[in-house]
Each structure stands twice: as structure tokens, then as C-alpha cells.
Amino acid sequence: MDLLEKQPKETARDYAVRVIRHNIVKLRLQPGTMVSENELATEMGLSRTPIREALIELSKSGIVEIYPQHGSMVSKIDYDKVEEASFTRRVVETAVVREVCGIAAEDDIARLDENISLQRLYLERNNTDKLMVADNDFHRMLFAIAKKPLSFELIRTLAAHFDRVREMSLMAVKHLRIVEDHAAIFDAIKARDPDRAAVSMHMHLSRYQLDKEAIYEKYSRYFAD
């Protein structure tokens, strides 16, 4: 399991939520497996109380299932929930990218360009962990430019189901289009073309549907019947 660095002023509960969610999305905690409060507490250096609270919090978004007297399980992936999360992101992020086209300053454009360059480097080096960090940073930057950082955090909370499938695509899909998609979005923003930016964002956030067969073939055991 990945142990993340604790952030300043972060409570033990919030830290536990962030670490457990990260490991579920990264498939370190695999769908369908039981998780032990004691083991998680020992590994994270916490008491059982914040671990229990974190699992309850994560159960609200459906990525953890709690069985009283038996324990907790990492939920298998339900494609209906993946589609709902993707739908929410498409609606919100196409609106955000339209706004960005009209208000992005030159230094915003430069930072997005630098991010795309980093993504290309990580893709060439097959460093999928850093590629996904850069991917998330790209989307976070768009919300920051649009002055909607809280909306980004809300979207991230809802997107765990979608993020797990996105993580699988890195291993299952032979020709990744993540960087190409982001480059298309960036080119539209640079050209101040909100319609093209929205279409590119919609395509990007719908790509998992095109990759569904390859993902399911490799990871069928992770999906709910």
C-alpha cells in the first residue's frame, strides 16, 4: 500500500480517507478484497477510530462496503456508477473549459503547455504513476483558472469509480490517447475556441467507453456482475 505524506493540519481521519482512497483508485487495494481496520491502522500508524471513520466516509461514495460484524470490502466496480461519475465530469468540465477559453491569461497558457510537455515525457518513459499525477494536475489547473477550485474537489470526491477504470486503462489499452486528448483541449484553449475545447473535453471524458472491452477483458474479476 502507498503511504502518502501527511499534510499540515490534516486530521487523522482526513489523512486516512485520502490514503485509503488513493490506494483503492491505484488498485493497491483491489476490488472485492476485504480490508482490516487493524492492519490499515498499523500500516498508517494510526488508531482504529480514524480508520473506521474513513471507511464509513468512503462507503458513502460506494467504493467501500461495510458489513457489520464481518468487516469492510473494497467494492467491485459497477459500470453504472462509472457512467454516472463520467456524466457529472463531462457536464461540469465542458462548462469549465468553455470559461477557460475566455479568461486564460498568457501565464496560464504557459503552465498548461508545460504540463502537456511533462505528460509527453512520462508517457515516453512509461511512467504511468507520474502521468496520472500530471493528468490530474491538468484538470485541476483548468478549475483554478476558472476560479472554481471547490468544484474540482467535489468532482474528485464523486469520481473514484471513474478513476479506477481510468487507472485500468493504463495497463489494458495498448495505444493511450490521454496526452493526445489533453493536447487537443490545450490547442482549443490557446485558440480561444470554446466549442472545440468542449468537444475535445467531452471526447476525453468519454474515452473509457471506447476502451471498455479491452479493460474488461483484462480485469473482468474486478467488476460486479
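Throughout, numbering of the chain's residues begins at 1 and tracks the sequence.
Residues Arg156 and Asp163 are paired through a salt bridge, judged by an N-O separation under 4.0 Å between the basic side chain and the carboxylate. For the pair Asp107 and Arg111, the salt-bridge criterion is met [side-chain N within less than 4.0 Å of a carboxylate O]. A salt bridge is absent between Glu99 and Lys147; no separation between the charged side-chain nitrogens and carboxylate oxygens falls under 4.0 Å. Salt-bridge check for Arg13 with Glu57: passed, with a basic side-chain N closer than 4.0 Å to an acidic carboxylate O. For Glu93 and Arg89, the salt-bridge test passes: some basic side-chain N is under 4.0 Å from an acidic carboxylate O.
For Asp137 (side chain) and Asn115 (main-chain N/O), no donor-acceptor pair under 3.5 Å exists by modelled atom type. Put simply, the side chain of Asp108 gets close to the backbone of Ala105: a donor and an acceptor are under 3.5 Å apart. The main-chain N or O of Leu29 is never found under 3.5 Å from a side-chain atom of Thr33 such that the two would form a donor-acceptor pair. No donor-acceptor distance shorter than 3.5 angstrom exists from the side chain of Ser59 to the backbone of Gly62, with no hydrogens or angles considered. With Asn23 contributing its side chain and Asp2 its backbone, the two residues share a donor-acceptor pair below 3.5 Å.
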Practice task
Determine, step by step, whether Ile56 and Glu53 satisfy the side-chain contact (heavy atoms from CB on, under 4.5 Å) criterion, reporting the C-alpha distance in whole Å, the side-chain angles of both residues, the deciding distance to 0.1 Å, and the verdict.
Solution key: CA-CA 5 Å; Ile56 291 171; Glu53 292 173 348; 5.7 Å; no
Practice task
Tell me, with the steps shown, if Asp135 and Val179 meet side-chain contact (heavy atoms from CB on, under 4.5 Å).
Solution key: CA-CA 8 Å; Asp135 179 330; Val179 180; over 6 Å; no
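With contacts defined as side-chain heavy-atom distances shorter than 4.5 Å, the pair Ile24/Val64 qualifies. Using a 4.5 Å heavy-atom threshold, the side chains of Tyr79 and Val165 count as touching. Annotation: side chain of Arg196 is in contact with side chain of Asp187 (closest heavy-atom distance under 4.5 Å). Side chains of Ile77 and Tyr219 form no contact here, defined as non-hydrogen atoms less than 4.5 Å apart. In this structure the side chain of Arg120 reaches within 4.5 angstrom of the side chain of Ile116, judged on heavy atoms. For the pair Ser206 and His202, the minimum side-chain heavy-atom distance is below 4.5 Å. Counting only heavy atoms from C-beta outward, the side chains of Met73 and Ile66 never approach each other to under 4.5 Å. Under the 4.5 Å side-chain criterion, counting only non-hydrogen atoms from C-beta, Leu123 is not in contact with Ile178.
Between Pro50 and Ala16 the shortest heavy-atom distance is O-CB, 3.9 Å. Taking every heavy atom of both residues into account, Lys76 and Pro31 meet most closely at CA-CB, 3.9 Å. Contact between Ser86 and Arg90 at its shortest, heavy atoms only, is OG-NH1, 2.7 Å. Looking at every heavy atom in both residues, Phe143 comes nearest to Val96 through CE2-CG2, 3.7 Å. The shortest non-hydrogen separation linking Ser75 to Arg164 is O-NH1, 2.7 Å. Here the closest non-hydrogen pair linking Thr94 and Ala198 is CG2-O, 3.5 Å.
The aromatic rings of His182 and His139 sit perpendicular to each other, their planes meeting at more than 60°, with 30° as the lower class boundary.
If you chain together hydrophobic residues whose side chains sit under 4.5 Å apart, Leu142 and Leu150 never meet in one group. Using a 4.5 Å cut-off between side-chain heavy atoms of Ile, Leu, Val, Met, Phe, Trp and Tyr, with links allowed through other members, Leu27 and Leu3 fall into different hydrophobic clusters. One hydrophobic cluster, built from ILVMFWY side chains closer than 4.5 Å, cannot hold both Phe162 and Val25; they sit in different ones. No chain of hydrophobic side-chain contacts below 4.5 Å, direct or via other Ile, Leu, Val, Met, Phe, Trp or Tyr residues, connects Ile215 to Val74. With hydrophobic clusters built from ILVMFWY side chains whose heavy atoms lie under 4.5 angstrom apart, Met1 shares a cluster with Leu58.
Remark: Arg98 pairs with Asp195 by the side-chain hydrogen bond (donor to acceptor under 3.5 Å, both in side chains) rule, at least two apart or across chains.
Here the CE atom belonging to Met44 is positioned 7.0 Å from the OH atom belonging to Tyr15, to the nearest 0.5 angstrom. Within the model, atoms OG1 of Thr42 and CZ of Arg48 stand 10.0 Å from one another, a figure rounded to the nearest 0.5 Å. One finds the CD atom of Glu37 at 12.0 Å from the CG atom of Leu46 (value rounded to the nearest 0.5 Å). One distance of note links CZ of Arg21 with CG of Leu4; it measures 11.5 Å at 0.5 Å rounding. Atom CZ of Phe186 is separated from atom CD of Gln119 by 11.0 Å, given to the nearest 0.5 angstrom. The structure places CD of Glu217 at 14.5 Å from NZ of Lys212, a figure rounded to the nearest 0.5 Å.
No donor-acceptor contact under 3.5 angstrom links the side chains of His161 and Asp78, judged on distance only. Counted by atom type alone, Tyr67 and Glu65 present one or more donor-acceptor pairs between their side chains at under 3.5 Å.
Residue Glu10 places its CD atom among more than 12 non-hydrogen atoms of other residues, nucleotides or ligands, all under 6.0 Å distant.
Grouping Ile, Leu, Val, Met, Phe, Trp and Tyr by side-chain contacts under 4.5 Å, direct or through others, puts Phe87 with Val91.
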Give every donor-acceptor pair under 3.5 Å between a side-chain atom in residues 124-133 and any protein atom, sequence neighbours left out.
unit_1 : atom_1 : unit_2 : atom_2 : d
Asn127 : OD1    : Lys130 : N      : 3.1
Asp129 : OD1    : Lys26  : NZ     : 2.9

